[in-house]
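Working notes for the structure below.
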Amino acid sequence: MANCDAAELTPAKTTTALAAAESHPYAFHVSGPRNVTSPNWRDLINSSWKDGNYKRTVMACFIQAVYLLELDRQENRSNKENALAPKWWIPFKYKLVQTLIDERDGSIFGAILEWDRSAAMADLVLIRPSGAPRAVLALRGTLLKSPTIRRDIEDDLRFLAWESLKGSVRFNVALEALKSVAESYGSNNVCVAGHSLGAGFALQVGKALAKEGIYVETHLFNPPSVSVAMSLRNIGEKAEFAWKRIKSMIPSGSETTENSSNIEEEKSYGVTGLKSWVSNLNRLKNPGVGIGKWVPHLYVNNSDYICCSYTEKSDQVEKSNEGKENVNTTNGRAVAAAAAAKLFVMSKGKQKFLEAHGLEQWWSDDLQLQLALHDSKLISRQLKSLYTISAPQSNTGKS
């Protein structure tokens with residue numbers, strides 16, 4: 001009897017669900033990009049994927065799809081007809097092959113999307129356009145809904161306290177998933193993208209693989225930059241600088257002793273410095289080191305206090321090197337931002353936080369984006385460990 005009632009109500013419910021999906025504010029045709037076309041046969045001649053704006057837009061759409069996968073789960077939109085998420089990857093000829101689940105609450109925090117050859121062939125796209133990845137790992141950020149807010153905030157606080165997400169369940173799941181698709185398709189054919197908290201995971205997962213010599217294209221939207229650990233480090237740096245200034249003003253007890261000490265120190269520094277310089281020079285000549293091979297793309301908004309610290313200029317590189325690529329200081333400790341990462345800054349005047357931190361801004365038609373030509377202090381600090389890799393694996397690239 002219950003089954004009969006359900007069967008009788010199904011058509012009406014389906015119609016209502018479809019109408020709700022069509023008018024939903026997160027429906028692709030309502031809030032998605034306006035001027036982005038689906039791949040077609042013309043992409044075989046001139047691929048849209050070679051356009052950085054197109055790639056940024058698609059990556060942002062894939063991340064939005066992950067947010068909606070979780071919202072579809074929470075709101076019981078399981079049918080293909082009324083689910084919101086698929087509409088955000090289908091137009092670009094991709095398909096869902098795996099969802100990443102947080103075992104703590106069962107929520108979806110990531111997804112792997114692959115090039116859908118069958119869908120592409122149906123539109124006469126016989127081969128994958130140049131620049132289009134075989135697979136994309138997309139990671140969402142914090143979702144302020146009751147089923148997910150606890151674990152999302154837990155990871156937010158983890159980053160706030162330690163500037164690291166490696167202790168999270170999601171880090172290990174994302175790392176294994178990305179490593180798996182990189183091994184299957186070749187790292188040159190894989191991308192990872194994330195927004196907000198998801199960008200924090202994408203950065204640290206991408207960095208972990210880069211240390212192993214696996215370089216995956218990385219797109220980070222509004223990545224978190226504020227943490228207690230970073231604040232304490234900045235305070236320590238300022239205190240050290242102040243102490244050196246005070247120490248330099250204190251008169252010396254014995255000028256002779258100081259001079260002789262300085263001479264010995266200079267001799268020691270000369271030998272040690274030369275060895276360090278030669279070592280760094282050899283490291284630069286070694287193509288396996290990875291400097292410039294892993295270049296994450298960061299998209300930040302000056303009005304977003306969560307990610308705006310990335311725009312702070314580095315004090316480690318001389319001003320004469322600003323805007324130049326692959327520039328190293330003589331001691332080999334600092335690398336120009338162009339060699340470490342590409343930092344795209346949104347400057348649209350003063351904005352409210354929710355607007356400045358929102359994902360939808362990255363596919364808007366009136367986007368005003370500039371490539372930063374200065375070195376980011378935070379990027380240099382976060383990627384510094386990559387420049388001391390001793391024996392990385394070789395990069396892989398499968399057709």
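None of these values were measured; they are calculated from a predicted model.
- For the pair A60 and F221, the tightest heavy-atom approach, listed with the atom from each and the gap, is N-CZ, 4.0 Å.
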Problem - Pair L124-N40, side-chain contact (heavy atoms from CB on, under 4.5 Å): steps then yes or no - result: CA-CA 7 Å; L124 302 181; N40 53 57; over 6 Å; no
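- Scanning both residues, Q98 and A177, for their nearest heavy atoms gives NE2-CB, 4.5 Å.
- A 6.0 Å sphere centred on CG of N46 holds no more than 12 heavy atoms belonging to other residues, nucleotides or ligands.
- Closest of all the heavy-atom pairs between N172 and K166 is OD1-O, 4.5 Å.
- Residues F159 and Q204 approach most closely at CE1-NE2, 3.9 Å, considering heavy atoms.
- Checking side-chain atoms of S47 against main-chain N and O of P129 turns up no donor-acceptor pair under 3.5 Å.
- Contact check on K352 versus E355 returns no salt bridge, with no Lys/Arg side-chain nitrogen under 4.0 Å from an Asp/Glu carboxylate oxygen.
- E217 pairs with exactly one of R56, K293, K55, K342 by the salt bridge (charged side-chain N to carboxylate O under 4.0 Å, His left out) rule, that one being K55.
- The same ILVMFWY cluster, assembled from side-chain heavy atoms under 4.5 Å apart, contains both I306 and L354.
- Listed here is the closest heavy atom pair of R73 and P147: NH2-CB, 4.5 Å.
- Here the OG-CD1 distance, from S180 to I112, works out to 6.5 Å after rounding to the nearest 0.5 Å.
- Hydrophobic clustering of Ile, Leu, Val, Met, Phe, Trp and Tyr side chains at less than 4.5 Å, counting indirect connections, unites F109 with V97.
- A chain of hydrophobic side-chain contacts below 4.5 Å, direct or via other Ile, Leu, Val, Met, Phe, Trp or Tyr residues, connects L113 to L84.
- Each of W362, W89, Y94, W88 was compared with F62 under the ring pair (Phe, Tyr, Trp, His ring centres under 6.0 Å) criterion, and only Y94 meets it.
- Here W294 contributes atom CH2 and K211 contributes atom NZ; the two are 10.0 Å apart, rounded to the nearest 0.5 Å.
- Atoms CD and OG, from Q74 and S107 in turn, are 8.0 Å apart once rounded to the nearest 0.5 Å.
- Between the side chains of D156 and T142, at least one donor N or O sits under 3.5 Å from an acceptor N or O.
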Exercise for the section: Kindly indicate, with the supporting measurements, whether the criterion side-chain contact (heavy atoms from CB on, under 4.5 Å) is fulfilled by S168 and R158. Expected result: CA-CA 8 Å; S168 171; R158 186 191 307 276; 3.7 Å; yes
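- Between D155 and R104 there is a salt bridge, since a side-chain N of the basic residue sits under 4.0 Å from a carboxylate O of the acidic one.
- One finds a salt bridge joining R151 and E154 here, because a Lys/Arg side-chain nitrogen approaches an Asp/Glu carboxylate oxygen to under 4.0 Å.
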Exercise for the section: Verify side-chain contact (heavy atoms from CB on, under 4.5 Å) between R34 and W363, making sure each step is shown before the conclusion. Expected result: CA-CA 9 Å; R34 293 287 178 267; W363 64 70; over 6 Å; no
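- Note: C191 SG to L137 CG = 10.5 Å, rounded to the nearest 0.5 Å.
- Using the six-membered ring where Trp is involved, H24 and Y26 have ring planes that are tilted, between 30° and 60° apart.
- The CD1 atom of I214 sits 8.5 Å away from the CG atom of L178 when rounded to the nearest 0.5 Å.
- Listed here is the closest heavy atom pair of P25 and S31: O-OG, 3.0 Å.
- Grouping the Ile, Leu, Val, Met, Phe, Trp and Tyr side chains by contacts below 4.5 angstrom, directly or via other members, places F353 apart from Y310.
- Counted by atom type alone, D304 and N222 present one or more donor-acceptor pairs between their side chains at under 3.5 Å.
- At a threshold of 4.0 Å, the pair R170-D152 counts as salt-bridged, since one of the basic side-chain nitrogens sits closer than that to a carboxylate oxygen.
- Under the 30°/60° scheme for interplanar angles, the aromatic rings of H219 and Y299 are found to lie parallel.
- In this structure, CG in D72 is found 9.0 Å from OG in S78, a value given to the nearest 0.5 Å.
- For T218 and H297, the side-chain atoms include no donor-acceptor pair closer than 3.5 Å.
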Exercise for the section: Apply the test side-chain contact (heavy atoms from CB on, under 4.5 Å) to residues L69 and T99: give CA-CA distance (whole Å), side-chain angles for both, the deciding distance (0.1 Å), then the verdict. Expected result: CA-CA 9 Å; L69 277 170; T99 54; 4.3 Å; yes
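- Side-chain contact between R134 and R128 is present, with heavy atoms from C-beta onward closer than 4.5 Å.
- Under the 4.5 Å side-chain heavy-atom criterion for ILVMFWY residues, a single connected hydrophobic cluster contains both V205 and V173.
- For the residue pair Y305 and H357, no side-chain donor N or O sits within less than 3.5 Å of a side-chain acceptor on the partner.
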